[in-house]
Every structure is written in structure tokens, then in C-alpha cells.
Amino acid sequence: MAIDFTDEQKRVINIRDKNVLVSAAAGSGKTAVLVERIFSLISDEKRGIDIDHLLVVTFTKAAAAEMRERVHKRIAEELYKHPENAHLQKQYALVHRAMITTIDAFCQNVLRNHFHEIGLDPDFRVMDEGEKQLMRKDVLSQLLEEKYREGDEAFADAAMFFAPKSAGDLEFEECILELQNYSESFAWPEKFLTERKNDNKGTFQKLAGVKITNGVVTGDALGVYFAKYLLGITNGYIEAYEAALTICNMPDGPNALTDAFTQERDNLKLALNAQDLQDLGQALKDYKNNLIPKLPAVKKGEADEGLKKECTTLRNKVKEGVNKIIKAYFTPDLSGSTAFSDKTAPYIDTLLDVTIEFRKRF
């Protein structure tokens, strides 16, 4: 059945010799338009483009497979109408060789066909996610060991700041990995990290200038990153309380803990109403100071012991997490108040330096 394309869709299908950026909502027919655009290119008698001369990139293998199938079907439909068309016959045969694939598969194809030009071992393979994570941790651990051996006082101070009373350097490693992962969301990760370091020179007032309005963070890029990071963690802790409350309300759950957990969750929710980093730090301190010192007793036989333990474990993880945030970012001896200050700037600079060096190695 022929699709009745809109004028805007027809324009996308037929436009030539220029870059085109199309933005459309889900279900608006983007795939159908792209299939028709591909078909119009390969069926153009004047140009005579072969489908294996096109590169069509998708996000997933499933999307690539669907795209290939739909293009194949579209060619078959037209070939049924014009069986004598030699060009369409050729496209029908070539569609299985067409480069309709994911970006990583395309890159692998380029490497496998040109490995000799860059001196690459032709027997290379792509590591799986588990191997990647292990290698990342090995590279980072080696980098941190080298830094410690160098005796750099600034590095040691930063490690202590981001991982107070740390068991090893796990917390510091997590900070580096999270910042590295965040930088990957930018087109030029290393440039982003370097610019954030430049933001930090001389003063850290830009962090104090961060504003939070109904959960929307504005201000300097580095300050926005930290505010979003802390708000995201806080949201995760609230979700942990929600999970604990769900367990409390189960038939065999520790119902006696419901009121206490609800009160503590609501206290933590106040952090989401913070208007700046100082408010956020104070709200987290208030949550910590208002924790119920002794939870209501759950009588034996009133609840499943496993469910009770699951609830209290969730709560304890939140308590520990909030305490770590307060010690890392909002302790009076570092800032003089529950706010970031110039004293934190060197630690952020060092974190960025180490993250940049880690990116170069991995």
C-alpha cells in the first residue's frame, strides 16, 4: 500500500546536494521517510546510485535489520511493477551487501578492510563490556598508584577530600569514573574537562552562583554538573526509601516501620527544594540530624525477618551515602559553612587533571 507522504516529508525525501537535519516525534513516520529517501536515491535514473554506495547508520542492530528489510521490501514492490528494470534488479541483489548498520559495526568494517594501512593486527576483536570494565579499573588503579609514588601533595589532598576515611581509593576512583562517563556525553570529552578546569582557576565563586529552580539547575557548567550529580544521588536515596516502604506494606512486611520511614523520606525530599548548593547541603545535614535514633520495635512473628532486614539495609545505605556526601562536600572545616568555597577549587582541579590523564590512557 502506497504511503501518502505530507509535503514536509516529500521535501525530506527529495532534497539533494545539501546536509539535512530532520527532527520529528516518535511515531511520525521517520523510518518510512528514510526508506523512501533511500529508494529515491537508488532509483534515480540520472544518478544511478547503487545501494552499496550508501551508508545508513542506526543506533541498534535491531533497527538496522528492520531498515534493511524495509528497503528490501520497497525495492521488491517497485521491481514487481517493473520487472524489466535492470537497475532495480541490481539493487535487489546488492541490498544484502548494503552498509545499513550501527556506527560501531561500520567502524569495525573499515578497520577489517584497511588494517594493513595502519599497521593493525588483522586478528583484532572488540572487547566485551566485562573486559572493558576490568581494564578500566586496572588502568585507573595503576594511574593512582603512580600518583601516590610521586608524592604529589595536591593529589593526596584531593584523594582525601573525595574519599574521606576511604577503604582504599574506591570512592576516589568512583568520582573519576563518574566524571569520565559524564564527559562522554559531550562531543569532545577532553575539551569539556579542560574547559571545566579553566572555569576553576582563581576562584570557585561560580559554584556559589549555581541556582536550582523546581529541579532545574542553572549556572556555570561545572557547578551545574555537581548540582545535578548531588540531586541525582539524592533522588536515588529517596527511591530507596520508596522501595523500603513498598516492602513495609507487603502482607508479611514490617508495617511498624512505615511511619518512621515515611518521616525520614519526607525529610530527605526537602533537599529537592533547595535553591542553591548551600541549601542542598543544609537540607542533607537536616535529614541526618533528624534521623529517628531508635526505630520502632517489630515484634517477633509480626513480619518476615528477611523483609525486615531488606528494609533496614536500604535505610542504612541511604544514611551512609548522605553522610559521605556531607563529609566530602559540605564539612565546615573545608568550607567554613555548608557551601562550596575557594578552598575546594584545588581538589576539583586535581580531579579534572587525573580524569584527563585517565582518558589519555584508556
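The figures that follow rest on heavy atoms only: side chains count, while hydrogens, waters and symmetry mates do not. Keep in mind that what you see is a predicted model, and the values were worked out from it rather than measured.
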Check whether any side-chain heavy atom of [X] sits under 4.5 Å from a side-chain heavy atom of [Y], and report yes or no.
X: Tyr80; Y: Ile75; value: no
X: Asp276; Y: Ile212; value: no
X: Glu173; Y: Ser141; value: yes
X: Thr102; Y: Phe59; value: no

If you measure from [atom1] on [X] to [atom2] on [Y], what distance do you get to the nearest 0.5 Å?
X: Leu351; Y: Glu178; atom1: CG; atom2: CD; result: 10.0 Å
X: Leu295; Y: Thr312; atom1: CG; atom2: OG1; result: 8.0 Å
X: Leu41; Y: His53; atom1: CG; atom2: NE2; result: 13.5 Å
X: Asp157; Y: Asp152; atom1: CG; atom2: CG; result: 9.0 Å
X: Ile238; Y: Leu231; atom1: CD1; atom2: CG; result: 9.5 Å
X: Ile51; Y: Ile100; atom1: CD1; atom2: CD1; result: 4.5 Å

Yes or no on side-chain hydrogen bond (donor to acceptor under 3.5 Å, both in side chains) for Ser40 and Arg16, after CA distance, side-chain angles and deciding distance?
CA-CA 11 Å; Ser40 70; Arg16 298 288 185 272; 2.8 Å; yes

With a 4.0 Å cut-off on N to O distance, would you call [X] and [Y] a salt bridge?
X: Arg359; Y: Glu184; answer: yes
X: Lys73; Y: Glu69; answer: no
X: Glu77; Y: Lys81; answer: no

By the rule that ILVMFWY residues connect when side-chain heavy atoms come within less than 4.5 angstrom, directly or transitively, which residues belong alongside Leu270?
none

Run through the side-chain heavy atoms of Ile, Leu, Val, Met, Phe, Trp and Tyr, join any pair under 4.5 Å, and report what else lands in Val126's cluster.
none

Under 3.5 Å, side chain of [X] to main-chain N/O of [Y], donor-acceptor pair present?
X: Glu264; Y: Leu291; answer: no
X: Arg37; Y: Ala32; answer: no
X: Asn290; Y: Asp286; answer: yes

Within the 6.0 Å centroid threshold, strictly below: Tyr182 and Phe192
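That pair passes the under 6.0 Å test.
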
May I ask you to check whether Phe155 and Phe172 place their ring centres under 6.0 Å from each other?
yes

Listed by chain and number, what are the side-chain hydrogen bond (donor to acceptor under 3.5 Å, both in side chains) partners of [X], not counting sequence neighbours?
X: Thr262; result: none
X: Arg265; result: Glu242
X: His116; result: none

Please name all residues satisfying salt bridge (charged side-chain N to carboxylate O under 4.0 Å, His left out) with Arg361, sequence neighbours left out, ordered by chain then number.
Glu146, Glu357

How about Tyr92: does its OH atom have over 12 heavy atoms from other parts shown lying under 6.0 Å from it?
no

How far apart are the closest heavy atoms of Pro254 and Cys248, and which atoms are they?
O-SG, 3.6 Å

Ring-face cation of Arg112 near Phe124 (centre distance under 6.0 Å, axis angle within 45°):
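That pair qualifies as a cation-pi contact.
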
Indicate if Leu245 and Tyr237 have the same hydrophobic cluster label, given that clusters are the connected sets of ILVMFWY residues with side-chain heavy-atom separations under 4.5 angstrom.
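Yes, one cluster joins them.
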
